[in-house]
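Single-structure report; data block below.
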Amino acid sequence: VHIPRIWQGWDQKIPRKRREEFVLSLMPAKLICLVELILSESEMKGQSSSQTKRVCDDETSDTLIQSRLPLLLSFCHGESESIKKVAEYLITCIKQRGESELGKRCQSLLLQMYLQVPEVIQYVTFPESLLSSEEVSDSGICKLDALVHWLIMLLADTGNSKTSESHMTDANMMCRKLAVSHPLLLLRQLPMIAAQLHGRVHLKFQEFRQQNHLTFFTHVLGILDLLQPQVFQNKYRAPLRDCLLSSVQLLQNFRKYSRHLAPFINKFVQFIHKYITCDPTSAITFLQKHSDVLHNLSSENCDLVLLKSLLAGLSLPSRSGSAERGPEETMEEESSSGSIPLVSLSSFAPLTAAEMGPYLKRISRGQVLEDILEVLCDIDELSKRRPEVLSFFINDLQRLMSSTEEACRNLAFSLALRCIENNPLTACDFLPTFMLCLGSGNFEVVQTALKNLPEYTLFCQENAAVLLHRAFLVGIYRQMDTSPQISDALKILHMEAST
């Protein structure tokens, strides 16, 4: 700074491996001062607007905060500790100031910071009221919007080729991971998800199924299930109903093929039950409009137990039946059905540890390979229908993942990945076991772990660097070629497989 000639010529010949220097480094205390200056400037801007008798609402201060946010983030320089200090200070101000003007400005700045640096939610605990605010869905700028938009397009790009199916599977796994890590950022794109469901159910069922449209509908329903209960909030009611309407049209057009649709119907009915639990008034209103479709589907298929239980518990009238009655009776029935139903559907009750007791005893006491394989196969068949049961066997699966028996080990890895896919939050529970398998003295155990490395890395993205580093070290010290697995993992993480 004091000798300008030192800096002359730096921009002429930039070394290829030169790293950009962070010249202006602010300590956490100075970052807090910068935050206070941004909040003070926003307050002064609001006061000047009110003095000149112009409209002064939250948009004025939000716009100013958005314009200053890049400056604040540039001074944080991507350092997690700096971002954490700023977030902690804002949360403290929010708790102290509450719903005052300063408190609202702190909320706005923290929310804008989350939209630009989503990983900040891993460092601090956000207030529940902040994450449920309208600004999350209404804000026009978000770092992950382009990525989420592209993932949804990739998920909706159906086809009957193996490449298309592989891309759809990768996109579905990433969307499921996003649904549990940053549900609000995925919910911003809910109208787009609803739009992607349109224009598919007019096809013949064989085409609809072969071109993986049914798979896409099933994936969307699974993602919506992970997004509950936030997806049932009023601000998402319109796009949610749009998604459900497309599903109802699917059931209406293809009700003759209910045998092939049984897994989708069961998922749909379970989701509707959760909808009723969280928002009964809205759910009953929706079901009343489409009760004929559900009644016709139920009457034509006696084996749809979950659907019959739902209709029996809600006592939904069919519209054809109500048309035969007078308008006064219909109005009375609609008003009574619109009230909160007293439903007790045992079919939807979650499984308990007591029900899984026989399986747990068999898998824990099994000493002979045949016995362990038999119970693993039984759990495999059961989890295909109800994957949530795998949460009861996490400890046993972790133990069997390092088994020296190939068949037992492969099945344990397969069930572990299915458990993680059903609930991506469980991915971190398997991290110590997976790292142990990569460092195992048994060559075959290491090979099995490397084989499953790409899929597991996708679900455990927050620890991807640690996993890939361990796989790299395995290749060096064990003289194994781990580059294909590392390359596949990086392709999935960066979604390079789509190009």
Side-chain angles (χ1 to χ4, degrees), residues 162 165-166 169-170 172-174 176-177 359 362-364 366-384 387 389-493 497:
K162 290 185 177 180
E165 292 178 4
S166 176
T169 302
D170 293 343
N172 178 55
M173 289 193 296
M174 188 163 282
R176 291 182 69 85
K177 174 65 176 180
Y359 294 96
R362 289 169 59 195
I363 197 172
S364 62
Q367 300 294 331
V368 185
L369 175 63
E370 288 74 11
D371 295 339
I372 297 176
L373 282 176
E374 182 181 0
V375 66
L376 283 176
C377 290
D378 292 342
I379 295 173
D380 182 34
E381 289 298 322
L382 180 62
S383 63
K384 288 178 181 178
V389 303
L390 292 173
S391 60
F392 293 100
F393 304 98
I394 289 179
N395 293 333
D396 297 295
L397 293 177
Q398 290 173 342
R399 173 173 53 85
L400 296 174
M401 284 169 66
S402 57
S403 171
T404 55
E405 299 294 339
E406 182 180 3
C408 180
R409 184 176 63 253
N410 288 336
L411 194 50
F413 266 93
S414 175
L415 292 174
L417 286 176
R418 185 181 299 169
C419 177
I420 296 171
E421 184 177 359
N422 179 64
N423 182 10
L425 290 175
T426 60
C428 292
D429 296 337
F430 288 93
L431 179 62
T433 304
F434 205 92
M435 296 290 285
L436 189 65
C437 291
L438 285 174
S440 173
N442 188 309
F443 178 80
E444 293 182 350
V445 173
V446 177
Q447 286 285 69
T448 305
L450 288 172
K451 178 183 175 182
N452 293 275
L453 179 66
E455 289 79 9
Y456 182 72
T457 304
L458 176 60
F459 283 115
C460 203
Q461 295 174 34
E462 55 272 18
N463 297 294
V466 178
L467 283 165
L468 297 181
H469 180 67
R470 174 60 68 89
F472 179 74
L473 292 179
V474 168
I476 293 177
Y477 294 111
R478 301 290 295 272
Q479 296 182 350
M480 298 170 59
D481 184 13
T482 60
S483 58
Q485 292 84 2
I486 295 175
S487 178
D488 289 343
L490 290 174
K491 283 182 179 180
I492 294 179
L493 285 176

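Starting from 1, each residue takes its place in the sequence as its number.
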Go through the steps for Lys451 and Gln485 under the test side chain to side chain contact (heavy atoms under 4.5 Å, CB included), then give the verdict.
CA-CA 7 Å; Lys451 178 183 175 182; Gln485 292 84 2; 5.9 Å; no
Any chance you could lay out the side chain to side chain contact (heavy atoms under 4.5 Å, CB included) test for Arg409 and Val445, step after step, and finish with the verdict?
CA-CA 8 Å; Arg409 184 176 63 253; Val445 173; 3.9 Å; yes
For Arg362 and Asp378: C-alpha separation, side-chain torsions, deciding distance, then whether salt bridge (Lys or Arg N to Asp or Glu O under 4.0 Å) applies.
CA-CA 11 Å; Arg362 289 169 59 195; Asp378 292 342; 2.8 Å; yes
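- Between atom CG of residue Leu415 and atom CD1 of residue Ile420 there is a gap of 11.0 Å, rounded to the nearest 0.5 Å.
- In this structure, the separation between CG on Leu490 and CG on Leu468 is 5.5 Å, given to the nearest 0.5 Å.
- Side-chain atoms of Asn452 come within 3.5 Å of backbone N or O of Thr448 as a donor-acceptor pair.
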Kindly indicate, with the supporting measurements, whether the criterion salt bridge (Lys or Arg N to Asp or Glu O under 4.0 Å) is fulfilled by Glu165 and Lys162.
CA-CA 5 Å; Glu165 292 178 4; Lys162 290 185 177 180; over 6 Å; no
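- Distance check, rounded to the nearest 0.5 Å: OG of Ser391 to CG of Asn423 gives 8.0 Å.
- A distance of 10.0 Å separates SG in Cys437 from CD in Gln398, rounded to the nearest 0.5 Å.
- With no hydrogens or angles considered, no side-chain donor-acceptor pair links Ser440 and Asn442 at under 3.5 Å.
- Between Phe434 and Tyr456, the angle of the ring planes stays under 30°, which puts this pair in the parallel group of the 30/60° scheme.
- At least one donor-acceptor pair closer than 3.5 Å links the side chain of Arg418 to the backbone N or O of Asp380.
- Proximity of Val446 to Val474: side-chain heavy atoms (C-beta onward) are separated by under 4.5 Å at one or more points.
- Expressed to the nearest 0.5 Å, how far CG of Leu453 lies from CG of Leu458 amounts to 11.0 Å.
- The structure places NZ of Lys177 at 13.0 Å from CD of Glu421, a figure rounded to the nearest 0.5 Å.
- Sorted by first and then second residue, the ring-ring contact (aromatic ring centres under 6.0 Å, His included) pairs with a member in residues 465-493 form an empty list; sequence neighbours excluded.
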